[in-house]
Amino acid sequence: MIKVITYGTFDLLHYGHINLLKAAKALGDYLIVGVTSENFDRARGKLLVSQSLAERMEAVKATGLVDEVIVEEYEGQKIDDIKRYGVDIFTVGSDWRGKFDYLSSFCRVVYLSRTEGVSSTDLRSKGHTLSIGVVGVSPSLRKFIEESRYTSGIEVTDLLPLTDGYELDGIDPSSIRIAEDYEALLSRVNAVYVNASPSERFFYSEKALKKGIHVLSEPPVALTARDAEALYSLADEKGVIFCEGLKTAYSLAFQRMVLLLRGGVIGKIKSVEATCTSLAKARSPWLYDKEKGGGALVEWGAYPLYAAFQILGREFCDCRFVSTKNEEGVDLYTKLWMLYPDAEATLKTGIGVKSEGSLVISGTKGYIYVPAPWWKTDYFEVRKEDIRDNRKHFYQFEGEGIRYELAEFVKSIRQNTRTALLSREDSIAIAACVERFLKDGSTYLI
Ligand code: CTP
């Protein structure tokens with residue numbers, strides 16, 4: 001008996017898949033199909049698969065062409081499977097030509113011709129390609145466009161540069177329209193990414209939402225709780241998505257860490273220490289500009305605040321700020337201390353003071369250590385008194401993390417539900433803390 005094996009995502013099963021499965025079956029007597037799990041797809045950069053693993057496996061079975069369906073979960077599994085199932089032929093479509101030649105020392109490798117004119121990517125984006133406009137500064141634009149390519153069904157089409165003398169920074173000028181003003185940009189897109197200065201963000205987000213355009217905003221979304229609240233209410237009223245682009249929220253490692261903490265992995269949590277500092281952020285020309293909302297706490301505060309809210313909740317009893325400011329009154333370093341009924345959080349932010357950008361969560365049975373830069377993390381460690389009980393956890397996190405926040409934004413728009421990863425309440429509470437700092441005369445100065 002000749003055993004054949006093939007692998008794929010098989011999302012929204014189409015005739016290209018059927019042709020492939022028929023041809024694979026014809027190569028032998030017994031066909032095994034490995035369907036990729038969600039985590040494996042995410043790890044290899046496929047972020048917007050429409051169907052669940054169970055649905056995709058069911059669809060493959062229902063073709064009647066397959067003798068056995070298995071799950072592909074990890075890098076290197078193909079070799080294990082070939083040995084375990086005694087496979088004679090490994091096959092896959094010609095779009096993978098050459099990529100699996102290394103398997104030929106274990107079995108025969110056959111590339112079958114790919115059916116032209118159909119793909120899951122096309123089916124997913126059919127009829128609803130989102131056209132995104134970017135409002136902001138150019139250095140971040142190239143990254144944003146590059147990362148947007150990992151999310152099917154979106155296209156960055158328009159830019160409104162907010163800085164003089166902007167450069168397209170390697171972007172093909174024919175691939176993007178430069179808007180003459182915001183109105184013109186809004187008339188051409190169905191979503192915007194707002195990367196304006198902190199004090200201008202509310203203005204740009206509100207204008208877009210009023211026109212029924214989805215908004216992804218850099219954090220913090222506004223400088224007062226009232227403004228943040230107004231943006232979420234406006235989005236609800238207009239039936240569109242308003243999303244805070246706080247990368248940590250969309251990092252799998254961070255989400256898994258929070259679940260472990262809630263499960264009591266380090267006992268009762270007593271302390272959260274989170275630090276985010278940078279000396280120069282080229283992407284933020286407003287960094288030292290008071291009028292534009294520059295300063296350490298506004299620039300970085302959302303990240304440690306989000307971590308504190310996820311880990312300890314939003315019900316803190318007191319909070320104090322300690323800052324060092326320049327002559328213009330812009331804080332170069334701000335430490336925020338928050339007191340909870342049975343825990344504390346120490347959050348440090350800096351744009352003129354540099355420190356170790358790690359996150360340490362201390363509990364009654366151990367602690368979690370997340371190395372710098374913890375806010376875009378792919379790795380953390382659970383550490384115990386007895387080092388034999390220590391555990392390291394790794395998750396995929398590519399690039400700057402923009403692709404994950406974009407994927408979540410697009411998913412929210414398609415499913416018309418707000419993301420569960422960053423709640424409206426957390427987002428408003430972040431703005432409330434920023435507001436308190438900006439208005440609070442009782443900040444200690446050092
Ligand atoms: N395949 C094919 N012809 C197509 C599409 C896919 O022969 N038109 C083959 C692929 O080469 C692969 C298998 O079907 O061997 C599963 O591919 P998969 O990646 O799930 O399908 P795509 O439609 O290419 O998915 P996507 O657009 O998400 O990459």
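Start at 1 and go down the list; that is how both ligands and their atoms are numbered.
The nearest protein atom to atom 9 (C) of ligand 1, hydrogens excluded, is given as L20 CG, 3.7 Å; this is a heavy-atom distance. Looking only at heavy atoms of the protein, atom 29 (O) of ligand 1 is closest to K46 NZ, 3.2 Å. Given atom 27 (O) of ligand 1, the protein heavy atom at minimum distance is T121 OG1, 2.4 Å. Protein heavy atom at the shortest distance from atom 24 (O) of ligand 1 is R114 NH1, 3.1 Å. Counting only heavy atoms of the protein, atom 18 (P) of ligand 1 lies nearest to H17 NE2, 3.7 Å. Nearest non-hydrogen protein atom to atom 23 (O) of ligand 1 is S120 N, 2.7 Å. Counting only heavy atoms of the protein, atom 28 (O) of ligand 1 lies nearest to R124 NH2, 2.9 Å.
Considering only heavy atoms from C-beta on, E381 stays 4.5 Å or farther from M257 through its side chain. In this structure the side chain of Y369 never reaches within 4.5 angstrom of the side chain of V382, judged on heavy atoms.
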Please report the C-alpha distance between Y395 and Y379 in whole Å, then the side-chain angles of each, then the deciding distance to 0.1 Å, and finally whether the ring pair (Phe, Tyr, Trp, His ring centres under 6.0 Å) criterion is met. CA-CA 6 Å; Y395 297 90; Y379 164 71; over 10 Å; no

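Checked against a 6.0 Å centroid threshold, the rings of Y30 and Y85 do not count as neighbours.
Summarising the local packing, CZ of R188 is surrounded by more than 12 heavy atoms from other residues, nucleotides or ligands at distances under 6.0 Å. Within a 6.0 Å radius of CZ in R424, more than 12 heavy atoms belonging to other residues, nucleotides or ligands are found. Heavy atoms of other residues, nucleotides or ligands lying less than 6.0 angstrom from NZ of K384 number more than 12.
Each of the following atoms of ligand 1 lies closer than 4.0 Å to a heavy atom of V118: 4 (C), 5 (C), 8 (N). Ligand 1 places these atoms under 4.0 Å from at least one heavy atom of S119: 23 (O), 27 (O). When each atom of ligand 1 is checked for a heavy atom of G93 under 4.0 Å away, the hits are 11 (O), 15 (O). Under a 4.0 Å criterion applied to the non-hydrogen atoms of V92, ligand 1 contributes the atoms 15 (O).
Considering W374, F254, W375, Y250 as possible partners of Y306, the one that fulfils the ring-ring contact (aromatic ring centres under 6.0 Å, His included) test is F254.
In terms of N/O distances under 3.5 Å, ligand 1 is not approached by E116. Distances between N or O atoms of S113 and those of ligand 1 include no value under 3.5 Å. Annotation: F10 places an N or O atom under 3.5 Å from an N or O atom of ligand 1; distance criterion only.
With respect to the salt-bridge test (charged N to carboxylate O, under 4.0 angstrom), the residues E68 and K61 do not qualify. Here D29 does not pair with K3 in a salt bridge; the nearest charged N to carboxylate O distance is not below 4.0 Å.
Counting heavy atoms only, D95 comes closest to atom 10 (C) of ligand 1 of the residues V60, D95, D41.
Contact annotation: for T9 versus ligand 1, heavy atoms closer than 4.0 Å belong to both the backbone and the side chain.
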